[in-house]
> 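Handing you this structure, nothing more for now.
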Amino acid sequence: MPRPAAALLRAITACTGCREAQALHSLACKLGLASDMVISTALLTSYAKRGLVARAQRLFDEMPRRDVVAINAMLAALGAAGRVTDARALFGRMLDRTPASWNTMVTCYCRAGDLTSARDVFESSLRAMSSSVVSWNAMIDGYCKAGRMDAARELFDRMGSSLPDVITWNTMMAGYLRGGDPASAIAMFHLLMRTQQEGEQRLRPTSGTMATVVAACAQVGDLALGRQIHHLIQQKGIWIDTVLSNALMDMYFKSGSVDCALDVFRTIPCSPNLFCWNTVISGLGMNGRGEDAIAAFHDMVQGRGRPNGNSVRPDGVTFVALLSACSHSGLVRVARKFFSQMLPVYGLPPQSEHYGCMVDLLCRAGHVDEAARLVQTMPGRPNAKVLGSLLLDAHVAEGQEGGVRLSEWAARRISKLDLHDGAAYGLSNVYASLQRWDRVEEHRRQVRAAVRHAKGPRRKRPGRALL
DNA sequence: GTAGGGTTAG
């Protein structure tokens, strides 16, 4: 490939924005490289990654010739956009399919939640002798993400001992973790280490393996194992990327080892990204270090805190972390300021979880009336999250009759929401803790009645008010 | 140039 084409290709694969992709596209045209199949395929993928399927499609349609890689790229673009029917049609027209074509279809169906079709395509790929370990991994991941760990495990076991690669193991571990079974994720990690020691050199754990098992340690609260794994990571010289850094920091923060967490933060190999900052801010907050959390926030937006650090734009999660940090440390005035700056300064309209944080914070500080005003003036109808905060926190303002009244107002509003939300069932307990036994019975009757109503033949659409 | 996994809040 001539030098300008190679340079252009590198730029296309590395580019990050829509306008950048468009600029590189027109550059390719001016250089007379637009008809180059490799360049066009890279551009197609670049558009697809930014969610610009229509542009990707046009590029594809205008290609004078299309090889199997170009078609596979288009197939993936359609799949990522959820256009299952179009993907299937294109796949059906393909004369020679590579394993990547089959795998793309499996992933496409899995993402659309159609596991039956995914399984059909997967089995066909086995029959067509066009499968690879990637097909198995894609299918297993589909089951994992659908919460069907039994089916995932069955496939994993069917693979035998030589076919699974480290990604297969990572997928299974992550599946267990996401499915709320961190103990099984840890068990698989031990099994992986044993298998590797028995001579499977392909099964060297990656930073992804370590991130998952560390997250599992954090969930079961096994700091001892977590530390051991941290040592193992250093001993094996596994590269601690931002993902693994986050998992380690999170584990240390959750176990109260703030200094260890900050040590990890200081040694992140590149400039910390949004995820890293969010982890640090929430971690400091949950350890009662509200002032430090706020300082971290300022470092984040100003690009300080690290030599040659970049400025990072906060997102909604950042503000949940920041506001709850304020809440844990009783920093009411600062929280009000940040909350009011969200839209005008940072361009982030407060969501219900942010209102929830503010309600939580105001109630804890005894500003029950202000919390009530906030909920009553928030745009849209307050949902179970916000009302739940109000319900659970308003009576914390002890001895305040207003608090109890507000709690009850929230309870009534919740009972008008969809009861399948689960929040309504928690109500009885709150009443009980308020020692209002008369209301407990009354509420339980309401819940029973509403559930009967919900199960009845005239079931309304879920998510709508029942009363 | 195309196909698979991993981290963050409450």
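Hydrogens, waters and symmetry mates play no part in the numbers below; they use all other heavy atoms, side chains included. We name chains A, B, ... by the order of the sequence lines, and we start the count at 1 in each one.
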> Which residues within residues 139-147 of chain A lie with some heavy atom under 4.0 Å of an atom in DNA chain B?
A:Asp141, A:Lys145
> Do A:Thr41 side-chain and B:dG1 base share a donor-acceptor contact under 3.5 Å?
yes
> Quickly work out the A:Arg202 CZ to B:dG5 P distance and round it to whole Å.
18 Å
> If you look at every heavy atom in A:Lys236 and A:Arg204, which pair is closest and at what distance?
O-NH2, 4.2 Å
> If I take atom NZ in residue A:Lys254 and atom P in nucleotide B:dT8, what distance separates them, rounded to the nearest angstrom?
6 Å
> Tell me if the side-chain of A:Ser207 makes a donor-acceptor pair with the base of B:dG6, cut-off 3.5 Å, by modelled atom types.
yes
> Using side-chain hydrogen bond (donor to acceptor under 3.5 Å, both in side chains) as the criterion, list what pairs up with A:Trp102, not counting sequence neighbours.
A:Ser130
> When you measure from the centre of the six-membered ring of A:Tyr346, is the NZ or CZ of A:Arg313 closer than 6.0 Å and no more than 45° off the axis?
no
> Pick base, sugar-phosphate or nothing for A:Met172, based on heavy-atom distances below 4.0 Å to the nucleic acid.
nothing
> Is it true that, when you exclude A:Gln341 itself, more than 12 heavy atoms of the residues, nucleotides or ligands shown sit nearer than 6.0 Å to its CD?
yes
> From CG of A:Leu248 over to C1' of B:dT8, roughly how many Å is that when rounded to an integer?
13 Å
> How close do A:Met159 and A:Thr168 get, counting heavy atoms only, and between which atoms?
SD-CG2, 3.6 Å
> Of the residues in residues 159-167 of chain A, which ones touch DNA chain B at a heavy-atom distance under 4.0 Å?
A:Asp165, A:Ile167
> With a cut-off of less than 4.0 Å, is there a side-chain N or O of A:Arg10 near OP1 or OP2 of B:dG1?
no
> Who pairs with A:Asn278 by side-chain hydrogen bond (donor to acceptor under 3.5 Å, both in side chains), at least two apart in sequence or on another chain?
A:Asp315, A:Thr318
> Mind checking if A:Arg66 touches a base, just sugar-phosphate, or nothing, with heavy atoms under 4.0 Å?
nothing
> Is there, by distance only and without an angle test, a donor paired with an acceptor across the side chain of A:Thr206 and the base of B:dG5 below 3.5 Å?
yes
> Counting side-chain heavy atoms from C-beta on, which of B:dG5, B:dG6, B:dG1 comes nearest to A:Val243?
B:dG6
> Answer yes when A:Glu123 and A:Arg127 have at least one side-chain N-carboxylate O distance shorter than 4.0 Å, and no when they do not.
no
> Work out which heavy atom in A:Leu43 is nearest to a heavy atom in A:Ala21; give both atom names and the distance.
CD2-O, 3.9 Å
> Please tell me which of the listed nucleotides, B:dG6, B:dG5, B:dG10, lies nearest to the side chain of A:Asn170?
B:dG5
> When the distance from CG of A:Leu24 to C1' of B:dG1 is rounded to whole Å, what number comes out?
14 Å
> Taking atom CZ as the centre, does A:Arg65 end up with more than 12 heavy-atom neighbours from other residues, nucleotides or ligands that are less than 6.0 angstrom away?
no
> Between A:Arg111 (side chain) and A:Gly82 (backbone), is there a donor-acceptor pair under 3.5 Å?
no
> A:Tyr252 has an atom OH; how far is it from atom P of B:dT7, in whole Å?
18 Å
> Of the options B:dA3, B:dT2, B:dA9, whose atoms approach the side-chain atoms of A:Thr45 most closely?
B:dT2
> Under 3.5 Å, is there any donor-acceptor pair linking the side chain of A:Asp241 to the base of B:dG6?
yes
> How would you list all residue pairs meeting ring-ring contact (aromatic ring centres under 6.0 Å, His included) that involve residues 24-48 of chain A, not counting sequence neighbours?
A:His25-A:Tyr47
> Does anything in residues 271-291 of chain A come within less than 4.0 Å of DNA chain B? Heavy atoms only, and list the residues if so.
A:Phe275, A:Asn278, A:Thr279, A:Ser282
> Send over the distance from A:Arg364 CZ to B:dG10 C1', rounded to a whole Å.
11 Å
> Once you round it to whole Å, what is the distance between C1' of B:dA9 and CE of A:Met300?
13 Å
> Between A:Asp250 and A:Asn246 (side chain of the first, backbone of the second, donor and acceptor by atom type, cut-off under 3.5 Å), is there such a pair?
no
> Is a donor-acceptor contact shorter than 3.5 angstrom present between the side chain of A:Asp67 and the base of B:dG1?
yes
> With A:Arg304, which residues qualify under salt bridge (charged side-chain N to carboxylate O under 4.0 Å, His left out), at least two apart?
A:Asp299
> Quick check: closest heavy atoms across A:Pro205 and A:Ile238, and the distance to 0.1 Å?
O-CD1, 3.7 Å
> Please work out which residues in residues 102-117 of chain A have a non-hydrogen atom less than 4.0 Å from an atom of DNA chain B and list them by number.
A:Asn103, A:Thr104, A:Thr107
> So, using salt bridge (charged side-chain N to carboxylate O under 4.0 Å, His left out) as the criterion, who are the partners of A:Arg55 when residues are at least two apart?
none
> Assess whether a salt bridge exists between A:Asp263 and A:Arg266, defined as any Lys/Arg side-chain N lying under 4.0 Å from an Asp/Glu carboxylate O.
yes
> Where along residues 320-332 of chain A does a heavy atom fall under 4.0 Å from DNA chain B?
A:Val320, A:Ser324
> Could you work out, with salt bridge (charged side-chain N to carboxylate O under 4.0 Å, His left out) as the rule, every residue matching A:Asp222, not counting sequence neighbours?
none
> Only counting residues at least two apart or in another chain, list the ones meeting salt bridge (charged side-chain N to carboxylate O under 4.0 Å, His left out) with A:Asp241.
none
> Grab the CE-P distance between A:Met251 and B:dT8 for me, whole Å please.
12 Å
> The side chain of A:Leu177 lies closest to which of these nucleotides: B:dG1, B:dT7, B:dA9?
B:dT7
